[in-house]
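A, B, ... follow the sequence lines: proteins, then strands. Residue 1 opens every chain. From a predicted model like this one, the values you see are computed outputs, not experimental measurements.
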Amino acid sequence: MMPPMSDPKATASAFPDSTDPFALDEPAPPSPAAAPEAPWLAGLNPEQRAAVTTTEGPVLVLSGAGTGKTRVLTARLAQILGGRLAQPWQILAVTFTNRAAREMRERVAALIGPPAESVWLGTFHAIAVRILRRHAELVGLKSNFTILDTDDQMRLLKQVMEGERVDTKTWPAQALMAAIQHWKDRGITPDKVGSDGEGGNEGDGGKPATIYRLYQERLLTLNACDFGDLLLHTLTLFLTHPEVLARYQDQFHYILVDEYQDTNLAQYLWLRLLAQGRRNICCVGDDDQSIYSWRGAEIGNILKFESDFPGARVIRLESNYRSTPHILAAASHLIAHNAGRLGKTLRPGLANADQGRAIQIHGVRDGEAEARLVVGEIEKRVALGEKLASMAVLVRAGFQTREFEERLITTAIPYRVVGGPRFYERAEIRDALAYLRLVSSPDNGLAFERIINLPRRGLGEATLHVIHGAARAGNVSLFEAARQLTVTDELKPRARSALGRFVADVDRWRSMLGGVDHRDLATTILDESGYVDMWRNDKSPEAPGRVENLRELVAGLEEFDDLDSFLDHVALVMENDAQAGGDRVVLMTLHGAKGLEFDTVFLPGWEEGVFPHARALDQSGESGLEEERRLAYVGLTRARRRVTITFAANRRIYGQWQNALPSRFLDELPEDNVERHNETGLYAGGAAEWGGSGRWDEEAVWRRPAAERQTAPAATSWKAAARPGAAVKAGDRIHHDKFGPGTVHMVDGDKLVIAFDHAGVKKVLAGFVTPA
DNA sequence: GATAATCCGGTTTTT
DNA sequence: CCGGATTATC
């Protein structure tokens, strides 16, 4: 337990909640005259205090960037626990990422000590697993079900598709998977598909829905779940077993939700069911930072909170303690261009904050010049004594980091790219995990298939096919079937003996479970299977790294008591690679930067087509544009002191040079808070330099031609912009003899990508269409 | 059953 | 232009 700290500014509190949180630990009678203020309330502004102390009833905390969201969340937990309003296990606190969950747990533990351990605090998925394991049989699973990762999901889906003879031309596995996930995001089980007009209306006889149903059946047979299922099954559980729901409604006196703007429909329903018990739900979020609609997040959830929870109190946190007034003004002005927001304006939280520097906007000739400029600025900052780690380059898409990396390498500046392939996603790790899974549970068919011929054992498709047949016929697992086949004559001698060795190996490793330290066991398995040797003998440049990764995997086992607890953990917590320490510039995507902050932020690639990304606009039109704008807002608000935005007039995309127009977002920044600079002769040649504050240096050259502005619709792609001479351009309405009316999405030479009103998106030759 | 040829596509990402 | 994935060929 923490010692009660004395609060220097324990003045008479305007919030007379004042139950002494430490009364039970300190038998001394509380002195009513000077009730010391709870330590977690110290230093909070009035809005933050309200958000912390309004514990009863539904509360929506609209928390702008840099307004102390995490602080409020943890203080609120401390308020409930410290004030003895509930026991730790009666609190449910959900986050989206493990990182956020861990951070919150640490901070609450620092405030109120060990009781923090017992709070139901975790990601939506982790909490769902916890509930689901207890009641698995009620939804047709066993409590030791395995959780599939995306790779396994895909394989399973492909199997189902093969069985159904699905034409992969009309229904690519990816598209079906997307459809299935989309259903799951909205809490739609296979039996509900179509009943509400969802799916099955694509003129395809409901094929996707059929696949969905079969896929779910396969998952149940395998005693497995994909990520979406964790929520979906819990939802089903709650809906079909009211007594179970009632139990949790009863248990959770207080519910806290972080990043509420990122919840999807399934999560929303899940929360609403649980909250119906005590109605003490507090959701914290920022509609202006909703950037995940493409993976199912419903910004509507946060927009309609008040109508969902009548009598809800809405608290706005608008005092920003992070950025300079210049940055705040620019970000606020930009985001004000969005319709459909709850409305919030960031204001400087510190009264005497210095203005800081205006946002610097640089136009350059091409991507290389852009990288040179940014890295040059980084060097200047370093010369002034700024740490590399306080500077970040935030890009729209991952591939954009490449040019900066090259420049940073040539200038020998250490950097770190955040968000590459994650550790667990690497093939060698997944293979190794499959070995461990198979040893842990031999019935795991997916693990079996993954490694049966890895390293090569001469057990290819043909053998696997026989095993599949035997498994089906005998209604046993693949591994069991394999075992049986080693004593029959169905396989050729070669395959038979190879298979025999494999089965014997797995059996032997399995017999060592529990007897041997699990780390040694893992080492043994990877050695004896020949898997490590496979990579050692591999000549490819990345092979040594893979061997190293395997070593790391085994080292990581140390933190766990046994293999099973490790495997369960791995499925849910897919940690990023250990981040190499040291003072390094950070390169990452805007999405990855959410929640982080830096002194100096570089925002390159502000060009139409790149940012806002053409695809976002094509797919979702105006709402897509608004999400891109929120992304820009997220980028700007990451900076504490300095922002530099750059854009290039020419850029090489897929090996081809394209010219690009400055992003429309640049026009949406307030002149008072920016300084614009551009290279000589960017778009025409002979442009004047260094015009002066708040003005484009050469207006006529700079500004997008008026004609182009009008004809360029929201969906203009950069390719279209690069071909002004083409007869047909993006956004045009056309008619096709066979497919009917449609809208041109992209012009690629003489090929057009057209979204037909009735026939879907198709690629056709320009000669076959006529202007509508 | 393994390698070579070819085709396609190409934001954002957590769990 | 590049890399992954599917297909063609030995």
Select from Arg457(A) and Glu627(A) the residue whose nearest nucleotide in DNA chain B is closer to the 5' end of that strand. Arg457(A)

Let me spell it out: for each of Ala462(A) and His591(A), pick the nucleotide of DNA chain B with the closest heavy atom. Which residue's pick is nearer the 5' end? Ala462(A)

Would you say a side-chain N or O of [X] is under 4.0 Å from OP1 or OP2 of [N]?
| X | N | result |
| --- | --- | --- |
| Lys158(A) | dT6(C) | yes |
| Arg652(A) | dC1(C) | no |
| Asn98(A) | dT15(B) | yes |
| Tyr292(A) | dT15(B) | no |
| Thr463(A) | dG1(B) | yes |

With stacking defined as ring centroids separated by under 5.5 Å and planes differing by under 30°, is [X] stacked against [N]?
| X | N | result |
| --- | --- | --- |
| Trp294(A) | dT12(B) | yes |
| His613(A) | dT11(B) | yes |
| Phe399(A) | dG10(B) | no |

What is the nucleic acid contact for [X], judged by heavy atoms within less than 4.0 Å: base, sugar-phosphate only, or nothing?
| X | value |
| --- | --- |
| Arg456(A) | sugar-phosphate |
| Glu259(A) | nothing |
| Ser620(A) | nothing |
| Gly228(A) | nothing |

Could you state the [atom1]-[atom2] distance from [X] to [N], rounded to the nearest angstrom?
| X | N | atom1 | atom2 | answer |
| --- | --- | --- | --- | --- |
| Gln656(A) | dG10(B) | CD | C1' | 13 Å |
| Gln261(A) | dT13(B) | CD | C1' | 15 Å |
| Leu617(A) | dT11(B) | CG | P | 14 Å |
| Leu394(A) | dT11(B) | CG | C1' | 16 Å |
| Ile291(A) | dT11(B) | CD1 | C1' | 12 Å |
| Asp262(A) | dT15(B) | CG | P | 12 Å |
| Leu491(A) | dG1(B) | CG | P | 10 Å |
| Lys594(A) | dT13(B) | NZ | C1' | 11 Å |

Salt bridge (Lys or Arg N to Asp or Glu O under 4.0 Å) between Arg402(A) and Glu406(A), worked out: CA-CA 6 Å; Arg402(A) 213 198 69 233; Glu406(A) 283 170 6; 3.3 Å; yes

Answer yes or no for Arg651(A) and Trp657(A): cation-pi contact, defined as NZ/CZ to six-membered ring centre under 6.0 Å and angle to ring axis within 45°. no

When you measure from the centre of the six-membered ring of Phe145(A), is the NZ or CZ of Arg133(A) closer than 6.0 Å and no more than 45° off the axis? yes

Side-chain donor or acceptor of Asp287(A) paired with backbone N/O of Arg341(A) under 3.5 Å: no

Considering only heavy side-chain atoms of Thr150(A), the closest of dG10(B), dT13(B), dT15(B) is dT15(B)

Report the nucleotide, chosen from dT11(B), dT13(B), dT15(B), that has the shortest atom-to-atom distance to any side-chain atom of Arg295(A). dT13(B)

Work out how far the C1' atom of dG3(C) is from that of dT14(B), and round it to whole angstrom. 24 Å

Which value, in whole Å, describes the distance between the P atoms of nucleotides dC2(C) and dT11(B)? 16 Å

Between Gln656(A) and Gln658(A), do the side chains contain an N or O donor and an N or O acceptor separated by less than 3.5 Å? no

Which value, rounded to the nearest 0.5 Å, describes the distance between Ile147(A) atom CD1 and Asp152(A) atom CG? 12.0 Å

